[in-house]
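All values below were derived from every heavy atom in this structure, side-chain atoms included, with hydrogens, water molecules and symmetry-related copies excluded. Numbers restart at 1 for each chain; the letters A, B, ... are given by sequence-line order, proteins then strands.
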Amino acid sequence: MSERYEPSEIEPKWQAYWERDETFRTPEGTERPKRYVLDMFPYPSGAGLHVGHPEGYTASDIVTRYLRANGYAVLHPMGFDAFGLPAEQHAVKTGTHPAVTTRQNIDTFRRQLKRLGFSYDWDREVDTTDPAYVRWTQWIFLLLFERGLAYQDEVQVNWCAALGTVLANEEVIDGKSERGGHPVERLPLRQWVLRITAYADRLLDGLDTVEWPTSTMTMQREWIGRSVGAEVRFGVEGRDEAIEVFTTRPDTLFGATFMVLAPEHPLVAKVTTDAERAAVEAYVASASNRSDLDRQQSKEKTGVFTGGYAINPVNGARVPIWIADYVLMGYGTGAIMAVPAHDTRDFEFATRFGIPIVEVVSRSGAPSDAPLGEAMVEAGVAVNSGRYDGMETAAFKVKITEDLEAAGKGRRRVEYKLRDWVFSRQRYWGEPIPIYFPVTTDGDPRAGAAHTIHHDQPIPVPVEELPLRLPDLDDYHPGSDPAGVLARALDWRFFQKDGRWYARETNTMPQWAGSCWYYLRFMDPHNEAAAWSREAAARWLPVDLYVGGAEHAVLHLLYARFWHMVLYDAGLTGAVTEPFQRLVHQGMILGEIEYTAYRDAAGALVSAEHATKNADGAIVDRRDGGVLSATRVEPARVTKRGASFVLAEDPAIALVSRAPKMSKSLGNVVNPDDIVDRFGADALRTYEMFMGPLEATKPWNTDSIQGVRRFLERLWTVATRTPSEAPPPDALLRLTHKTIQKVGEDIEAMRFNTAISAMMVLNNELAALAAPPRFCVEALVVLVHPFAPHLAEELWERLGHAPSIQAVPWPKHDPALVVDEVVEIPVQVNGKVRGRVSVSRDAAEADVLAAALADEAVARQLEGKTLLKQIYVPGRIVTLVVGG
RNA sequence: GGCCGAGUGGCGGAAUGGCAGACGCGGCGGAUUCAAAAUCCGCUGUCCGCAAGGGCGUGCCGGUUCGAGUCCGGCCUCGGCUACCA
């Protein structure tokens with residue numbers, strides 16, 4: 001073994017040791033308190049690990065190793081979320097079964113993860129595509145089905161013909177598929193839907209009991225979108241119909257000067273007069289063809305008058321009924337009462353179409369003198385509202401809702417933005433939905449006999465027959481059949497039982513399914529009799545710390561919480577109602593900072609302040625509209641001039657500096673394997689933690705790893721010197737205890753960057769000594785081990801100890817040694833530090849002030865001035881205020 | 001448009017309302033070397049000054065305070081998410 005720090009030797013050595021020794025096996029049957037530290041498991045893509053992955057994984061690994069050293073039994077598992085489109089698309093292209101591709105990708109990921117020295121209990125690895133796992137995912141689906149939480153519905157779905165599947169609303173971005181950017185159209189299709197809306201209030205209330213980033217909780221709250229208001233019925237003039245609207249502002253009913261129906265609203269045809277019919281039908285047709293993208297791009301409100309009138313239930317006023325696509329059929333009742341004076345959207349619409357605007361709320365309590373220039377959406381005092389005039393908005397809402405209810409014209413109503421969860425996909429590579437249906441046929445449907453599938457009579461697959469496996473196919477193409485890829489697997493789809501024909505469900509589950517409960521399986525991964533045992537749930541739930549990307553703030557985290565609550569109701573999670581107690585999002589790691597210069601068509605450089613984006617998104621010169629091209633500039637050619645970066649050889653040319661996301665197309669993706677080869681896993685881990693706060697978005701910088709590597713090298717040098725067995729000098733002893741305290745506190749708060757900086761400081765002190773004290777060196781090696789575990793194990797062994805350093809208790813700082821006996825106090829005069837005095841930590845105020853005034857530099861500042869005020873903040877600072 | 005977050009040296013970033021710039025990168029100077037790399041030592045916000053020392057400095061404007069990077073009010077810029085949800 002080399003005497004130099006050689007990561008390529010020691011890292012494999014210790015990884016092999018940990019594997020042989022089962023160092024990281026989860027302790028069961030101990031009395032030690034538990035902690036469950038979980039990473040969001042990855043999708044094993046063919047591209048392998050990205051440097052973004054190890055960021056969160058290193059953070060959780062540090063916490064895990066720290067907790068173990070503090071006596072906790074820690075569950076820290078890893079697995080793979082392996083269903084999903086890329087493996088299937090690869091199968092379409094190559095004919096390779098997705099299971100084969102998935103297996104290979106998982107092997108690559110596991111190898112890469114192991115190279116980084118994470119302390120997972122690999123015996124508990126979970127793969128969502130493993131039939132032994134799918135079995136229980138299907139079992140949970142049946143639980144949902146039995147409880148009435150999984151049902152079929154004809155849903156207007158987002159059908160993506162290119163992908164051959166239905167997409168969830170959240171998988172559609174700007175009218176295109178999130179994956180691939182293919183066009184998406186709306187059409188009605190039979191789908192399985194999960195009744196997540198039944199849990200809306202609990203999903204909302206549960207957020208009050210968890211320690212999550214406020215931004216994520218806000219996003220979930222907004223996604224659920226609970227709003228309290230009233231349902232109000234407006235009669236239709238000359239017809240025995242009523243239009244129901246939902247409003248959060250029933251206090252503005254007197255200001256309702258028109259109604260708007262969504263174009264798809266069932267009453268549209270009935271309220272439309274013959275004179276307006278042609279225009280209305282044309283509008284409805286064009287609205288249905290408009291994609292969401294088109295709707296967003298045209299900011300102008302559109303709509304047409306139906307010719308019909310409704311009657312305002314509070315004052316009998318005739319209000320015209322319009323249709324417009326700014327009212328959505330999917331929310332509330334698909335119809336609104338429009339109050340232009342107090343709703344921005346209604347104001348725009350009324351202004352555009354010349355509809356009267358009646359003010360019914362004012363800040364002062366008196367009607368405004370001039371017409372409103374914009375909608376007044378805030379609360380205020382009622383005006384122009386008959387007997388309700390003078391009421392405050394909040395009280396008015398309550399009162400009028402009661403009055404409407406008493407009159408049979410309305411009632412209180414709560415609405416949610418949250419929709420039930422469309423749970424079917426028409427793909428191959430997902431869990432089959434374990435349901436089948438009776439079939440009426442006069443022959444063998446597998447041979448093409450005519451048949452009818454009775455989808456209204458779903459039958460659950462008996463649990464003892466689970467898992468329901470996917471059939472093998474030769475062709476994984478999505479095809480145009482909205483029943484899905486599995487519909488072509490006739491031998492799998494149709495079967496006979498007791499002489500009758502049945503057909504299996506051909507939809508599969510979405511990728512979210514497996515990740516909804518993997519944290520539960522990790523508790524008891526080899527259980528063949530149950531998805532997990534009650535004992536395991538009592539032992540390990542909830543997840544104490546969950547680390548993963550903010551991109552899962554809504555979907556995964558909301559779906560998993562929903563399933564957890566259903567499982568809680570089924571008595572399967574003990575008393576634990578929320579699965580993830582503390583949640584932390586690691587920030588994104590961007591590519592290296594790049595400098596860009598612009599050139600015009602002739603190739604001449606153009607300073608960045610002239611560049612702007614035109615309506616098409618192209619970069620042009622704002623002076624003449626000429627198209628500009630961007631070129632990268634090497635950092636060596638860049639200098640800073642004032643607030644901007646400029647070209648060193650021509651400072652008139654300003655450059656753009658930014659750190660773009662890592663992406664294949666930009667060619668700035670950093671591969672962790674390369675970094676491990678060059679610098680070692682310990683340096684990569686420590687660097688990623690040293691870059692800045694865990695939650696922050698931060699640019700990658702390969703040069704900076706060199707600094708972390710140097711720190712590890714110096715630690716090696718220090719710790720391989722023959723240590724001094726004498727007690728450390730006082731200052732060094734105190735610094736060591738302060739470092740112990742700071743590193744522990746910083747790990748608990750997940751401030752890893754400052755923990756590393758503190759260890760660097762101690763290491764720099766020790767490096768100056770020919771024979772550093774053993775106590776200090778050993779403390780530092782133990783402190784560093786969660787960050788750089790291979791190096792720490794090696795040094796611990798070389799210091800004469802038996803492995804593993806993981807078994808060494810975390811050092812405790814001595815509270816008496818983390819405060820200094822003598823402190824240097826800065827002395828400020830009128831806010832500026834003019835001198836400093838050394839005093840005992842608990843010196844009396846009078847003594848400190850006297851010493852401060854005696855200081856030569858301070859005295860000079862006081863000369864000829866009046867001392868107005870003197871303040872001593874014990875142990876921190878002296879402030880003197882002078883005048884004259 | 002809405003919500004969330006962030007603006008501090010050339011760069012990444014530190015700072016319970018109390019010494020702004022810890023730690024690291026980069027740069028400059030030196031030691032070592034035949035030379036270089038690596039390593040080690042020193043300096044490194046900026047302006048004035050030979051120096052001692054002093055002025056100015058945490059996006060901008062104002063406020064609270066003996067004292068503000070930090071708290072409050074109002075803006076500006078950037079990033080992320082979201083988007084007609086009545």
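Nucleic acid contact for A/V881: sugar-phosphate only, since backbone atoms but no base atoms lie under 4.0 Å from a heavy atom of the residue. Across all strands shown, A/T344 has no heavy atoms under 4.0 Å from either base or sugar-phosphate atoms. Counting any heavy atom pair closer than 4.0 Å across all strands shown, A/T218 reaches sugar-phosphate atoms only and no base atom. Using a 4.0 Å heavy-atom cutoff across all strands shown, A/N764 reaches sugar-phosphate atoms only and no base atom. Counting any heavy atom pair closer than 4.0 Å across all strands shown, A/K869 reaches sugar-phosphate atoms only and no base atom.
Residue A/V761 places its side chain closer to B/C23 than to any other of B/C23, B/G80, B/A86. Counting only heavy atoms from C-beta on, A/P693 has its side chain closest to B/G13 among B/A86, B/G18, B/G13. Considering only side-chain atoms of A/I877, the nucleotide from B/C19, B/C23, B/G13 that sits closest is B/C19. Each of B/G80, B/A86, B/G18 was ranked by its minimum atom distance to the side chain of A/T247; first place goes to B/A86. Distance from the side chain of A/T248 is smallest for B/A86 among the nucleotides B/A86, B/C25, B/C23. Of the candidates B/C25, B/C19, B/G12, B/G12 carries the atom nearest the A/I593 side chain, counting heavy atoms from C-beta on.
Between the P atom of B/A86 and the CD1 atom of A/I321 lies a distance of 22 Å, rounded to the nearest Å. Rounded to an integer number of Å, the gap from A/F234 CZ to B/A86 P is 17 Å. Nucleotide B/G18 holds its P atom 18 Å from the CD atom of A/E845, rounded to whole Å. Remark: C1' of B/G13 and OH of A/Y687 are 11 Å apart, rounded to the nearest angstrom. The distance from atom CG of A/L880 to atom P of B/G18 is 18 Å, rounded to the nearest whole Å. Atom CD in A/E688 sits roughly 18 Å away from atom P in B/C25 (whole-Å rounding). The nearest whole Å value for the distance from the CD atom in A/E374 to the P atom in B/G1 is 13 Å. Taking atom CD of A/E222 as the reference point, atom C1' of B/C4 lies 9 Å away to the nearest angstrom.
Looking at residues two or more places apart in sequence or on another chain, you find a side chain to side chain donor-acceptor pair (under 3.5 Å) between A/S704 and A/N701. When the side-chain contact (heavy atoms from CB on, under 4.5 Å) test is applied to A/T717, the partners found at least two apart in sequence or on another chain are A/R721. In this structure, the side-chain contact (heavy atoms from CB on, under 4.5 Å) partners of A/Q828, at least two apart in sequence or on a different chain, are A/V833, A/I877, A/T879. Partners of A/D346 by side-chain contact (heavy atoms from CB on, under 4.5 Å), not counting sequence neighbours, listed by chain and number: A/F258, A/Y326, A/I336, A/A338, A/P340, A/D343. For A/F246, there are no ring-ring contact (aromatic ring centres under 6.0 Å, His included) partners two or more places apart in sequence or in a different chain. Taking A/V819 as the reference, A/R841 meet the side-chain contact (heavy atoms from CB on, under 4.5 Å) condition, with sequence neighbours excluded. Applying the side chain to side chain donor-acceptor pair (under 3.5 Å) rule to A/Y872 yields no partners; only residues at least two apart in sequence or on another chain are considered.
Nearest-nucleotide positions on RNA chain B place A/G692 closer to the 5' end than the other of A/I705 and A/G692. A residue-by-residue look at A/M219 and A/P699 shows that A/P699 has its nearest nucleotide of RNA chain B further toward the 5' end.
Contact annotation: side chain of A/R876 to base of B/C19, donor-acceptor pair absent below 3.5 Å.
Among residue pairs with one or both ends in residues 694-707 of chain A, those qualifying as salt bridge (charged side-chain N to carboxylate O under 4.0 Å, His left out) are A/E55-A/K698; sequence neighbours excluded.
A/H556 and A/H552 have perpendicular rings, their planes meeting at more than 60° on a 0 to 90° scale where under 30° would count as parallel.
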Which pairs of donor and acceptor atoms, one on a side chain in residues 751-758 of chain A, lie under 3.5 Å apart (sequence neighbours left out)?
unit_1 : atom_1 : unit_2 : atom_2 : d
A/R751 : NE     : A/D746 : OD1    : 3.0
A/R751 : NH2    : A/D746 : OD1    : 2.9
A/T754 : OG1    : A/D746 : OD2    : 2.8
A/T754 : OG1    : A/R751 : O      : 3.2

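In this model, no donor atom of one side chain and acceptor atom of the other lie less than 3.5 Å apart for A/Y687 and A/T702. No donor-acceptor contact under 3.5 angstrom links the side chains of A/T720 and A/E3, judged on distance only.
Spacing between B/A14 and B/G9 at atom C1', rounded to whole Å, works out to 13 Å. Rounded to the nearest Å, the gap between the C1' atom of B/G74 and that of B/C66 is 26 Å. Here the separation of B/G42 from B/A35, taken at their P atoms, is 23 Å to the nearest Å. For the C1' atom pair drawn from B/G45 and B/G10, the interatomic distance equals 11 Å after rounding to whole Å. To the nearest whole angstrom, the two C1' atoms, one in B/G57 and one in B/A20, are 9 Å apart. With both ends at atom P, the span from B/C47 to B/G30 equals 22 Å, rounded to whole Å. The separation of B/G17 from B/A68, taken at their C1' atoms, amounts to 7 Å, rounded to a whole angstrom. Going from the C1' atom of B/C48 to that of B/A38 covers 40 Å, rounded to whole Å.
Counting heavy-atom neighbours within 6.0 Å of A/E378 CD, excluding the residue itself, gives a total above 12.
Annotated as anti: B/G7, whose O4'-C1'-N torsion sits more than 90° from 0.
A heavy-atom distance below 4.0 Å to RNA chain B is reached by these residues of residues 741-757 of chain A, ordered by number: A/N753, A/T754, A/S757.
Under the 4.0 Å criterion applied to side-chain N and carboxylate O atoms, A/R860 and A/D855 are not assigned as salt-bridge partners. One finds a salt bridge joining A/E713 and A/R709 here, because a Lys/Arg side-chain nitrogen approaches an Asp/Glu carboxylate oxygen to under 4.0 Å.
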**Study point:** Where protein sits on nucleotides 36-54 of chain B, one letter per nucleotide: B base, S sugar-phosphate only, - none, heavy atoms under 4.0 Å
**Key:** ---SS-------------S
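Neither OP1 nor OP2 of B/C23 sits under 4.0 Å from any side-chain N or O of A/N763. A close approach under 4.0 Å does occur between a side-chain nitrogen or oxygen of A/K832 and OP1 or OP2 of B/C56.
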Check your understanding: Which string of ( ) [ ] | and . matches RNA chain B, if you list each base 5' to 3' and count Watson-Crick or G-U pairs only when both distances are under 3.5 Å?
Key -> (((((((..(((.....[....)))((((((.......))))))((((....))))..(((((..]....))))))))))))....
